[in-house]
Amino acid sequence: MARKLKGIAAAPGIAIAPVVHFHTTLDRIPTWRVEDDRIDAEKARLAGAIAAVSESLMGLQQELSGALGKHDVRIYDAQLAILHDKTFLRDVQNEVEQHRVNLEVALQRVISRYEGVFAAMENPAMRERAADLRDIGRQLVGALVYDDRVKYTSDGADYLFAADEFLPSDAGLLDREHIRGIVTAHGGKYSHGAILARSLGIPAIVGIEELMQTTTSGSLAILDGDAGVVLLEPSLDELADYERRLREQRSVDERITELRFEPSVTPDGTSIRLMANVEGVHDLENLELGAMAGIGLFRTEFAFMERRQFPTEEEQVAMYRRAVEGADGKPVTFRTLDVGGDKPLGYFQMPEERNPVLGWRGLRLCLDWPDILYTQLRAILRASDRGHARILLPMVTTRSEVVRCRDVLDQLTADLRSTGVPYDARIELGVMVEVPVLVEVLPDVLPVVDFVSVGTNDLVQYLLAVDRDNQRVAKMYDPFHPGVLRILSRIAKASAAAGKSASICGEIAGDHWFTPLLVGIGFRELSMAPVFVPRVKVMLRSFSLDECQHLAERALAMQSTAAVRKLVHEEIQPRWAQQLAGSGEAGGA
Ligand code: PEP
Ligand code: MG
């Protein structure tokens with residue numbers, strides 16, 4: 001059995017290849033005392049290094065512009081801005097002058113001071129910007145110490161990049177033809193390295209602290225970018241299993257290219273709306289919207305988290321308009337600010353809480369700070385006349401919370417009308433079903449909303465009393481629990497009885513093993529990370545509605561999670577394999 005290392009799944013896909021260790025140059029640098037008459041020479045070296053790094057970053061940006069999305073290529077602009085920042089330049093020069101240290105040492109000190117400031121920030125997105133500073137420091141030192149940073153060539157062999165972290169400039173040093181995966185000891189899901197890996201389509205896992213101590217260059221490993229797991233020195237059985245999955249992944253990719261723009265229908269013609277979950281306008285730029293029915297979940301909090309202060313109404317209007325206009329008439333479902341819990345806002349003081357996920361988060365927080373809610377709703381309304389916007393409320397617990405939001409919307413629309421500001425009068429309001437008690441009161445809530453969207457990530461954690469981010473109990477976090485499926489069935493039935501649409505926007509919507517069950521239970525709209533849309537579409541086209549319903553009935557009657565998984569293994573997996581083998585339209589059999 002292989003040794004398993006668990007990290008954060010940063011970019012999906014499977015890779016099997018030997019690990020190759022990469023090291024940073026910033027730790028091993030020459031040190032000397034700078035005499036008075038050499039200070040100007042050090043400053044000249046700095047100017048030379050900045051020019052060299054600048055040139056190489058612009059070259060890399062140019063080289064990658066075809067492979068990366070418009071937004072992601074701007075990661076290098078952020079680096080160029082640091083490089084040419086006047087305060088940074090002055091601080092490095094001062095360090096040389098005041099302490100008589102050589103430029104390499106001065107750079108190391110200034111960068112680590114800056115890093116300390118970023119690392120102490122509460123906002124995780126800002127904390128990850130420390131990596132950009134490290135990268136700049138490393139490139140500058142590299143330019144000073146070596147004439148040229150050496151480009152890695154793998155001599156035609158596949159490899160997994162392993163390092164403390166994957167930094168934007170690394171993309172320029174790699175043998176991109178043979179890199180199969182990226183695994184790092186540090187970094188988060190939203191670090192620039194992780195964004196680049198996703199954009200370049202390279203499976204990646206970040207945050208495996210013990211990575212560099214437990215692996216050696218050359219040892220074979222399996223990287224499972226969907227599960228966030230690296231298997232070291234896998235057994236023959238594990239290898240065979242993953243090689244099968246890798247083949248499957250490749251045939252899925254091929255099949256996907258064929259089916260991408262086909263309609264999302266079961267073989268007997270039931271349409272299922274497949275929507276995308278996005279975290280910002282930039283995600284929309286890289287979307288193939290033609291393959292989807294719209295945006296089922298726009299997590300607006302990420303735009304708030306990336307900033308140093310609340311965005312103004314005008315800034316929000318501009319952002320929501322870009323999203324709505326970019327969606328070409330398809331719906332864009334803006335979820336109102338869902339901070340608190342695991343998503344702090346650096347510039348907004350939140351109290352220390354013993355149980356933050358049961359605390360002041362989502363709509364609860366916004367209702368206590370009406371200014372935040374008013375501004376956001378007004379901005380969404382003002383953007384709504386440019387296309388099809390919808391509003392979705394997170395972490396709703398009671399009907400009265402929804403009624404309060406409706407009242408706010410009524411006041412805002414009356415105000416917009418009286419001042420002649422255009423908005424879409426038919427804008428829909430929906431609630432996320434995440435808090436279990438809402439299922440019980442859904443018949444009372446449905447009359448005051450237009451749609452519901454089930455946030456299974458939170459709903460499952462609350463139903464099973466299992467923290468969704470706690471590795472120790474991760475095994476118990478299993479949405480195949482028959483109790484979860486029965487709750488989903490109640491939601492689908494209650495919504496259908498009220499004539500309101502119900503979608504799922506938690507991770508299970510993008511898990512293709514769930515697809516036939518969710519359709520059988522009654523869901524006709526699934527919203528997921530865009531990378532999963534093609535797989536779900538392939539699955540959808542493999543089972544007739546009758547078959548889905550029959551499978552769901554059986555699963556709902558089961559008494560254990562294991563029994564549901566067995567059903568998936570015996571009934572769903574073989575059909576999937578058959579569909580991928582290209583044996584024509586399955587279903588109806
Ligand atoms: C959910 O809880 O399922 C959901 C979609 O919201 P988030 O993952 O952003 O909490
Ligand atoms: Mg949630």
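In each ligand, atom 1 is the first atom listed, and ligand 1 is the first ligand listed.
A distance limit of 4.0 angstrom between heavy atoms and ligand 1 selects the residues Leu297, Arg299, Arg335, Lys343, Met432, Glu434, Gly455, Thr456, Asn457, Asp458, Arg468, Cys505, Gly506.
Residues Arg382 and Tyr423 form no side-chain contact, since every pair of their non-hydrogen atoms from C-beta on lies 4.5 Å or further apart.
Arg322 CZ: 12 or fewer foreign heavy atoms inside a 6.0 Å radius. Heavy-atom contacts from other residues, nucleotides or ligands closer than 6.0 Å to CD of Glu209 number 12 or fewer. For Arg364, the CZ atom counts as densely surrounded, since its 6.0 Å shell holds more than 12 non-hydrogen atoms of other residues, nucleotides or ligands.
Among all heavy-atom pairs drawn from Ile272 and Phe523, the shortest one is CD1-O, 4.0 Å. The shortest heavy-atom contact between Gly7 and Ile205 is CA-CG2, 3.8 Å.
Restricting Glu434 to its N/O/S atoms, the shortest distance to the Mg ion (ligand 2) is reached by OE2. Within Asp458, OD2 is the N, O or S atom that lies nearest to the Mg ion (ligand 2).
At least one donor-acceptor pair closer than 3.5 Å links the side chain of Asp478 to the backbone N or O of Phe480.
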